[in-house]
Amino acid sequence: MRAEHAPAVAALWRQCFGGNGNRGGDLRAAVADERGLSLVAADGGGQVCAAVVGGFDGYRGWVYYLAVREDCRRRGLGKRMMREMEKRFAELGCRRVCLQVQESGDGNAFYGALGYTPEKRNSYGKAIA
Ligand SMILES: CC(C)(COP(=O)(O)OP(=O)(O)OC[C@H]1O[C@@H](n2cnc3c(N)ncnc32)[C@H](O)[C@@H]1OP(=O)(O)O)[C@@H](O)C(=O)NCCC(=O)NCCS
């Protein structure tokens with residue numbers, strides 16, 4: 001992901017996640033990522049049609065905000081983005097890939113189809129600003 005992609009990625013995330021995403025407010029960390037874990041895909045016209053951001057803590061790779069533009073879905077693009085993320089994580093020495101999805105939503109069937117299984121955890125959060 002490069003700086004020029006940021007506005008289109010922010011718009012895509014707003015569309016896909018509304019108030020549950022990072023609201024496109026700040027993509028500086030994704031753009032500055034030097035490990036190649038912030039990915040975008042563009043359509044034939046050069047327009048952003050998918051984006052995903054990853055983080056690596058030394059053991060687990062975390063996947064955030066995978067989004068495919070509505071008119072580009074069900075063509076295998078989400079799967080390709082995730083396979084590329086998994087490859088990049090593996091190259092960094094990552095042993096396990098984790099992510100969270102809303103209880104209902106496209107993500108459940110999608111990640112299930114890619115071999116991800118739900119794990120019982122309590123997910124905590126706190127607003128600090
Ligand atoms: C989830 C999402 C990323 C999937 O992207 P996509 O490019 O359409 O996915 P793919 O075409 O690679 O799908 C691969 C497989 O996943 C499954 N799948 C994907 N979307 C599905 C859906 N809405 N319902 C049921 N199964 C689905 C299918 O098995 C599909 O294979 P098939 O099309 O041959 O049946 C996309 O729907 C999206 O951006 N949704 C909104 C944001 C979101 O929910 N992100 C994920 C959680 S953070």
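Considering all non-hydrogen atoms of both residues, N108 and Q102 come closest at ND2-O, 3.0 Å. Summarising the geometry of M82 relative to L114, their closest heavy-atom pair is CB-CD2, 3.5 Å, with the distance given to 0.1 Å. Across G61 and C94, no two heavy atoms sit closer than the pair N-SG, 3.2 Å.
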In a table with atom names and distances, give each donor-acceptor pair under 3.5 Å that connects a side chain of residues 120-129 to protein atoms at least two apart or in another chain.
residue : atom : partner : partner atom : Å
S123    : OG   : Q100    : NE2          : 2.6

Return all side-chain donor-acceptor pairs below 3.5 angstrom for residues 3-11, not counting sequence neighbours, or 'none' if the list is empty.
residue : atom : partner : partner atom : Å
E4      : OE2  : R2      : NE           : 2.8
E4      : OE2  : R2      : NH2          : 3.2
H5      : ND1  : R2      : N            : 2.9

Side-chain donor/acceptor pairs under 3.5 Å, residues 44-58, sequence neighbours excluded:
residue : atom : partner : partner atom : Å
D57     : OD1  : Y59     : N            : 2.8
D57     : OD1  : R60     : N            : 2.6

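For D33, the side chain to side chain contact (heavy atoms under 4.5 Å, CB included) partners are R35, L37, S38, not counting sequence neighbours. With sequence neighbours excluded, no residue forms a salt bridge (charged side-chain N to carboxylate O under 4.0 Å, His left out) with R75.
Taken together through direct or relayed side-chain contacts under 4.5 Å among Ile, Leu, Val, Met, Phe, Trp and Tyr, V31 and Y65 form part of one hydrophobic cluster. There is no path of hydrophobic side-chain contacts, each under 4.5 Å, that joins L77 to L12.
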Passes side chain to side chain contact (heavy atoms under 4.5 Å, CB included), L39 versus M1? Steps please.
CA-CA 5 Å; L39 310 181; M1 187 183 301; over 6 Å; no
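Distance CG/L99 to CH2/W62: 7.5 Å, rounded to 0.5 Å. If you take CG on L66 and CE on M81, they are separated by 6.5 Å, rounding to the nearest 0.5 Å. In this structure, E86 CD and E91 CD are separated by 12.0 Å, a value rounded to the nearest 0.5 Å. Taking SG of C16 as the start and CD of E70 as the end, the distance is 7.5 Å to the nearest 0.5 Å.
Sequence neighbours left out, the pairs with a member in residues 83-114 that pass ring pair (Phe, Tyr, Trp, His ring centres under 6.0 Å) are Y111-Y116.
A salt bridge links R88 and E84; the closest N-O separation between the charged side-chain nitrogens and carboxylate oxygens is under 4.0 Å.
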